[in-house]
There are 4 protein chains.
Amino acid sequence: MDFNEHKPIYLQISDTISDKILSGEWIPGERIPSVRELGSTLGVNPNTIMRTYDYLQNIDIIFNKRGVGYFTADDARDKIVDLQRREFLNEELPLIQKKMSLLGIDPCELFKCQNS
Amino acid sequence: MDFNEHKPIYLQISDTISDKILSGEWIPGERIPSVRELGSTLGVNPNTIMRTYDYLQNIDIIFNKRGVGYFTADDARDKIVDLQRREFLNEELPLIQKKMSLLGIDPCELFKCQNS
Amino acid sequence: MDFNEHKPIYLQISDTISDKILSGEWIPGERIPSVRELGSTLGVNPNTIMRTYDYLQNIDIIFNKRGVGYFTADDARDKIVDLQRREFLNEELPLIQKKMSLLGIDPCELFKCQNS
Amino acid sequence: MDFNEHKPIYLQISDTISDKILSGEWIPGERIPSVRELGSTLGVNPNTIMRTYDYLQNIDIIFNKRGVGYFTADDARDKIVDLQRREFLNEELPLIQKKMSLLGIDPCELFKCQNS
DNA sequence: GTGGTCTAGACCACC
DNA sequence: GTGGTCTAGACCACA
């Protein structure tokens, strides 16, 4: 795993975890690696993983069983899709549309939709 | 003006300046506000504006006349369009398309293009 | 049974056992479930139950007959009432009163006592 | 400042900050000490203060101006009262009532409300 | 100067 | 074994 970008590592890890859940690699309701385990797998300090897990727990994607470990929430998949959809439609899309209109780019043409 | 987002403030200001030039609010070749002036207008430290102007000068959108002030380049508009088009098509668009397909969003429907 | 709270699980179990004794569900002097049994009932590691029983034995609420099992003490009920009364009045009550006054909550109104 | 209890230090600090806001020592909308400053004042690592501020920011009690510092929210006071009231009425009160009834303590008598 | 992230290493309570 | 908290110290970008 590479951490090129400006984004904090703990959020990049969070993203890849979301991807793993979306793609079905990590099953909702199942245990995920311990902070130490994932830390050594990714070559990252356990504290950093802790931060990732903290973040994901705050948005109810994963939860903790005391002394046992972290588990993906049963509805983790739906939550992720929902979160990302909402963010895309509310935050990113307006900016994209504004930019396209300023740059004179026609979305219909761009996406090769056929106008009748 | 709010600067809540993760992007550095000096780049956010740079973006709004580009927008002002694109939209015709700021005319190519004309003088733009001084660092201090714009700083107090936006409620931002002059150093931050300095960084913005530095950045815009590096990509030849604005230039400086010593002791006089900053001016928009004559071809500022074209340069901005060119820069942003290239960045949008090469960098952002692929990510947008990937995300839309993952989230099951149909661009043609989204932009209300008529499919025949 | 959920163990989401911050209190250690073994103490939470201890609390519910006290409640069972207070409410008469568990009779003083009688045998209580084995560590393994209660563990599987609650979906909890037997070690955790062991800790609970250890704790309850220390404060003389239950006792152990080697090779036979754990039993509630004959005077378990009185002991629990005594312990909890003292703790409640000395430790918790002052904090509760302070908090209610800070938050502007009137205990008399809260508990629907009639003021004449 | 003493940190006797089992509660994490960063939450204890959070509590004292809430108290400072409630009591009017810290005014809503004003800047609060930097992480380093408060850290050295309290004899605590800046990282720990960072955690406190992170927590308080998450629940919208304070907010951050980039490169400038942290500020108390304009409605910080109301938010705190609201949060604490809700927590008390929903979480603590039911437990208190249950306990009092099990222990045979009469709230009206306890709080010296006059029954007519 | 400010916050923010990360590491390394320690210690603790809990399961 | 698990998470959770804390420290010390470093480095970075930003204002």
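Throughout, a chain's letter reflects where its sequence line sits, starting with A, and its residues are numbered from 1.
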Quiz item: Looking at B:E92, B:Q84, B:E87, which hits side chain to side chain donor-acceptor pair (under 3.5 Å) with A:K99?
Solution: B:E92
Quiz item: For D:S34 and E:dT2, is the shortest distance between a side-chain N/O and OP1 or OP2 below 4.0 Å?
Solution: yes
Quiz item: OP1 or OP2 of F:dG4 sitting under 4.0 Å from any side-chain N/O of A:Y70?
Solution: yes
Quiz item: Sub-3.5 Å donor-acceptor pair from the side chain of B:T41 to the main-chain atoms of B:E37, do we have one?
Solution: yes
Practice problem: Indicate whether OP1 or OP2 belonging to E:dC14 is found under 4.0 Å from a side-chain N or O atom of C:R51. | Solution: yes
Quiz item: Between A:R31 and D:P46, which is nearer to the 5' end of DNA chain F once each is assigned its nearest nucleotide?
Solution: A:R31
Quiz item: Separation of A:L38 atom CG from F:dG3 atom P, in whole Å?
Solution: 10 Å
Exercise. Mark yes or no: A:K65 above the aromatic ring of A:Y70, with NZ or CZ under 6.0 Å from the six-membered ring centre and no more than 45 degrees from the axis.
Key: no
Quiz item: Considering only side-chain heavy atoms of A:I9, which listed nucleotide, E:dT7, E:dC6, F:dG3, is closest?
Solution: E:dC6
Exercise. Quickly work out the A:K65 NZ to E:dA13 C1' distance and round it to whole Å.
Key: 20 Å
Practice problem: Find which nucleotide of DNA chain E each of A:N47 and A:G67 is nearest to by heavy atoms, and output the residue with the more 5' nucleotide. | Solution: A:N47
Quiz item: Base, sugar-phosphate, or nothing: which does B:Y10 touch, judged by heavy atoms less than 4.0 Å apart?
Solution: sugar-phosphate
Quiz item: Any sub-3.5 Å donor-acceptor pair from D:T72's side-chain atoms to D:I62's backbone N or O?
Solution: no
Self-check item: Distance, rounded to the nearest Å, where A:I13 contributes CD1 and E:dC6 contributes C1'
Solution: 11 Å
Quiz prompt | Interatomic distance where CG belongs to C:N45 and P belongs to E:dC15 [whole Å] | solution = 9 Å
Exercise. Please report, rounded to the nearest Å, how far the P atom of E:dT5 is from the OH atom of D:Y53.
Key: 17 Å
Quiz item: Looking only at side-chain N and O atoms, does A:R66 come under 4.0 Å of OP1 or OP2 in E:dC15?
Solution: yes
Quiz item: Taking B:R51 for the side chain and B:I9 for the main chain, is one N or O donor matched with an acceptor at less than 3.5 Å?
Solution: no
Quiz item: Toward the 5' end of DNA chain F, which comes first, A:H6 or D:L11, by nearest nucleotide?
Solution: D:L11
Quiz item: Partner of E:dC14 by Watson-Crick or G-U wobble geometry, both contacts under 3.5 Å, or none?
Solution: F:dG1
Quiz item: Within less than 4.0 Å of OP1 or OP2 of F:dT5, is there a side-chain N or O belonging to D:T48?
Solution: no
Quiz item: Once you round it to whole Å, what is the distance between P of F:dT5 and CE of D:M50?
Solution: 16 Å
Quiz item: Between F:dG3 atom P and A:I32 atom CD1, what is the distance in whole Å?
Solution: 9 Å
Quiz item: Are the side chain of D:R85 and the backbone N or O of C:L103 linked by a donor-acceptor pair below 3.5 Å?
Solution: yes
Exercise. Consider the side chain of B:P8, meaning its heavy atoms from C-beta on, and name the nucleotide among F:dC6, F:dC14, E:dT7 that approaches it most closely.
Key: F:dC14
Quiz item: Could one point to a donor on the side chain of D:R36 or the base of E:dG3 with an acceptor on the other under 3.5 Å away?
Solution: yes
Practice problem: Let me know the distance between CD of B:Q12 and C1' of F:dC14, rounded to the nearest Å. | Solution: 12 Å
Exercise. For A:D54, answer base if it contacts any base atom (sugar-phosphate contacts may also be present), sugar-phosphate if it contacts only those atoms, and nothing otherwise; contact means non-hydrogen atoms under 4.0 Å.
Key: nothing
